[in-house]
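What follows is a short report on a single structure.
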Amino acid sequence: MRELQALIVEDSPTMRQLLALALARIRGLHVAQANDGLDALKQLASNQFDIILTDINMPIMDGLKLVKRVRNDDRYQGLPIVIITTEGGEEDRKRALALGANAYITKPIRAPQVIETVKALLGLS
Amino acid sequence: MHDADENQETPIDEKAGTIRQVFRKGEQFIEELLAENERLKMRVVQLEDELQSARQSVPPDTSAEKLQRILESLKKEHETLRRRYEAILQDSARYKERYQSIEEENEKMANLFVASYQLHSTMDFPTATQVVIEILLNFVGAGRFGIFLADGSSPSFSPLAAHGAEPRDLPVLTTDNALVADAVSTGQPAVRDTSLGAPTESEPVVCVPLRLGQEIRGLVAIFSFLQQKTEIVQLDLDLFGLLTDNAAGVLESTFVLGKKPDQFQPIDAYRRMLEENHA
């Protein structure tokens with residue numbers, strides 16, 4: 001059976017490492033990382049991912065543009081997207097969900113919340 | 001620079017891997033115990049059914065005495081199984097509690113590992129400052145806060161960097177503030193007593209001293225938390241402790257290195273320093 005693949009899109013190395021450590025606890029889930037939306041699109045073109053976790057505020061291409069681009073591509077219609085937001089990002093969160101993101105996680109990041117959200121979207125028990 | 005660092009397997013990565021393996025084994029052990037618990041539950045139900053069918057299948061001509069003995073024996077077996085079932089339920093509850101405790105410990109270690117790793121993985125002063133801010137924002141959930149550095153000989157601390165406000169909009173902190181005085185005198189993070197009521201905008205709710213050796217070289221002052229952050233938990237206190245013991249050293253060494261990038265000397269210079277120290 002193919003290994004599940006998650007893509008973390010974050011410009012902060014600190015956040016990327018924290019999210020990757022949390023996701024590493026889901027058995028059978030391989031984690032890849034991208035620095036921004038553009039990097040994520042490049043990786044999407046060459047790899048098959050099962051879920052994306054993305055920050056909103058990033059240089060070059062932000063999370064909202066990434067969600068829009070992914071949802072406008074027929075190949076990724078069913079790909080779950082989780083956005084990571086702060087309390088001040090209410091508008092961004094609403095916009096991302098309207099654009100097609102499936103769920104959101106708020107800071108501070110807690111591993112159980114990340115694991116629960118990802119497992120639910122991947123249909124893992 | 002970060003990408004290259006991230007791609008290298010460091011001893012810290014190996015230790016983190018080992019820690020993850022230990023916790024995975026713990027999870028597997030608990031899952032096996034829960035499965036055994038389920039199996040025994042099923043066995044109790046099965047034996048109860050067998051008892052019922054045994055009662056029904058006894059021939060009508062069997063003597064009352066024999067029936068009584070069978071009944072007593074079945075009752076004893078039932079009682080034994082019931083006790084065993086209850087013991088397993090208690091074990092299961094204990095393991096569940098232990099599992100939750102391990103989960104919390106696991107999360108704490110992961111957070112401390114990442115915070116420490118990132119703090120010590122840069123030689124660039126602005127990046128080091130940003131890492132401190134990210135730890136407070138993303139790990140702790142601080143909303144409005146600043147990094148303050150000691151103002152030379154005067155016992156005051158001026159804002160260097162901030163989140164949720166411009167540094168210039170934050171107050172200069174002195175030991176006239178009880179929380180600052182507490183943090184400076186004890187060298188330990190100080191948290192405002194909630195019984196004191198809501199603080200003013202210029203009063204910190206948490207004050208984290210940044211120590212270099214025994215000297216307080218700066219402070220982290222948190223004025224408010226993110227809306228969804230409702231309480232300060234043990235993990236936050238552990239992260240404050242990590243900043244107390246490490247942040248000042250990292251900030252100062254990266255600053256010095258930034259000012260004098262040619263600070264790195266040939267190995268002979270390092271050897272001489274060691275020899276002078278031993279002499």
Side-chain angles (χ1 to χ4, degrees), chain A residues 8-36 39-40 42-43 53-60 63 83-93 104-117 119 124-125, chain B residues 1-7 12-13 16-17 19-21 23-24 27-28 31 100 103-119 121-122 127-128 130-144 163-164 224-230 232-233 235-236 239:
Chain A
I8 297 169
V9 192
E10 240 305 345
D11 59 320
S12 155
T14 311
M15 280 288 287
R16 283 204 306 270
Q17 192 176 22
L18 187 64
L19 287 166
L21 263 182
L23 293 180
R25 296 180 54 203
I26 300 176
R27 273 181 216 161
L29 182 67
H30 178 77
V31 181
Q33 302 179 17
N35 293 318
D36 54 62
D39 187 12
K42 283 179 192 166
Q43 295 202 40
L53 290 91
T54 180
D55 189 15
I56 289 189
N57 297 316
M58 290 179 291
I60 305 177
I83 53 166
I84 298 153
T85 67
T86 57
E87 66 169 338
E90 183 66 23
E91 283 307 309
D92 284 343
R93 187 186 310 161
Y104 65 87
I105 292 170
T106 50
K107 295 174 185 177
I109 296 298
R110 291 285 175 262
Q113 187 194 12
V114 176
I115 293 167
E116 192 182 326
T117 304
K119 274 187 165 180
L124 302 172
S125 57
Chain B
M1 185 165 63
H2 288 297
D3 289 342
D5 292 345
E6 285 161 17
N7 291 333
I12 298 173
D13 288 331
I19 291 164
R20 280 201 299 273
Q21 276 185 354
F23 284 122
R24 278 188 188 139
E27 280 179 47
Q28 281 173 359
E31 280 167 10
Q100 281 168 345
E103 282 290 296
E104 283 168 16
E105 190 67 15
N106 192 9
E107 190 184 2
K108 174 183 144 183
M109 289 179 74
N111 277 265
L112 288 174
F113 166 73
V114 175
S116 178
Y117 181 96
Q118 293 295 335
L119 200 55
S121 65
T122 181
T127 305
Q130 186 59 31
V131 169
V132 174
I133 287 174
E134 286 186 10
I135 290 170
L136 292 160
L137 171 66
N138 298 324
F139 293 38
V140 175
R144 185 168 161 268
H163 179 86
S224 67
F225 288 93
L226 298 177
Q227 197 175 11
Q228 61 269 30
K229 174 84 177 177
T230 53
I232 294 171
V233 296
L235 172 59
D236 302 325
L239 286 162

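So you know, we letter chains A, B, ... as the sequences are listed, proteins then strands, and number each from 1.
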Open item on the list: Quick one, Gln227(B) with Thr106(A), criterion side chain to side chain contact (heavy atoms under 4.5 Å, CB included). Give me CA distance, side-chain angles, the key distance, then yes/no.
Closed with: CA-CA 10 Å; Gln227(B) 197 175 11; Thr106(A) 50; over 6 Å; no

For the student: nearest non-hydrogen atoms of [X] and [Y], plus distance:
X	Y	value
Gln118(B)	Pro13(A)	NE2-O, 3.5 Å
Pro112(A)	Glu107(B)	CD-OE1, 3.6 Å
Tyr117(B)	Gln17(A)	CD2-OE1, 3.3 Å
Leu226(B)	Lys107(A)	CD1-O, 3.4 Å

Open item on the list: So for Leu235(B), is it side chain, backbone, both, or neither that comes closer than 4.5 Å to the heavy atoms of chain A?
Closed with: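 The answer is the side chain of Leu235(B).
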
TODO: Name the region of Asn106(B), side chain, backbone, both or neither, that has any atom closer than 4.5 Å to a heavy atom of chain A.
DONE: side chain

- [ ] Could you tell me whether Glu31(B) and Arg27(A) have a side-chain N and a carboxylate O separated by less than 4.0 Å?
- [x] yes

- [ ] State plainly whether the residues Glu103(B) and Arg25(A) are in salt-bridge range, i.e. N to O under 4.0 Å.
- [x]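 A salt bridge links Glu103(B) with Arg25(A).
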
Task: Whether over 12 other heavy atoms sit under 6.0 Å from Phe23(B) CZ - done: yes

Task: Rounded distance [0.5 Å steps], OG in Ser12(A) versus CG in Leu137(B) - done: 9.0 Å

Task: Value rounded to 0.5 Å, distance of OG1 in Thr14(A) from CG in Asn111(B) - done: 11.5 Å

Task: Phe139(B) and Leu18(A), any side-chain heavy atoms less than 4.5 Å apart - done: yes

- [ ] Check whether Ala22(A) gets within reach of chain B through its side chain, its backbone, both or neither, counting any heavy atom under 4.5 Å.
- [x] neither

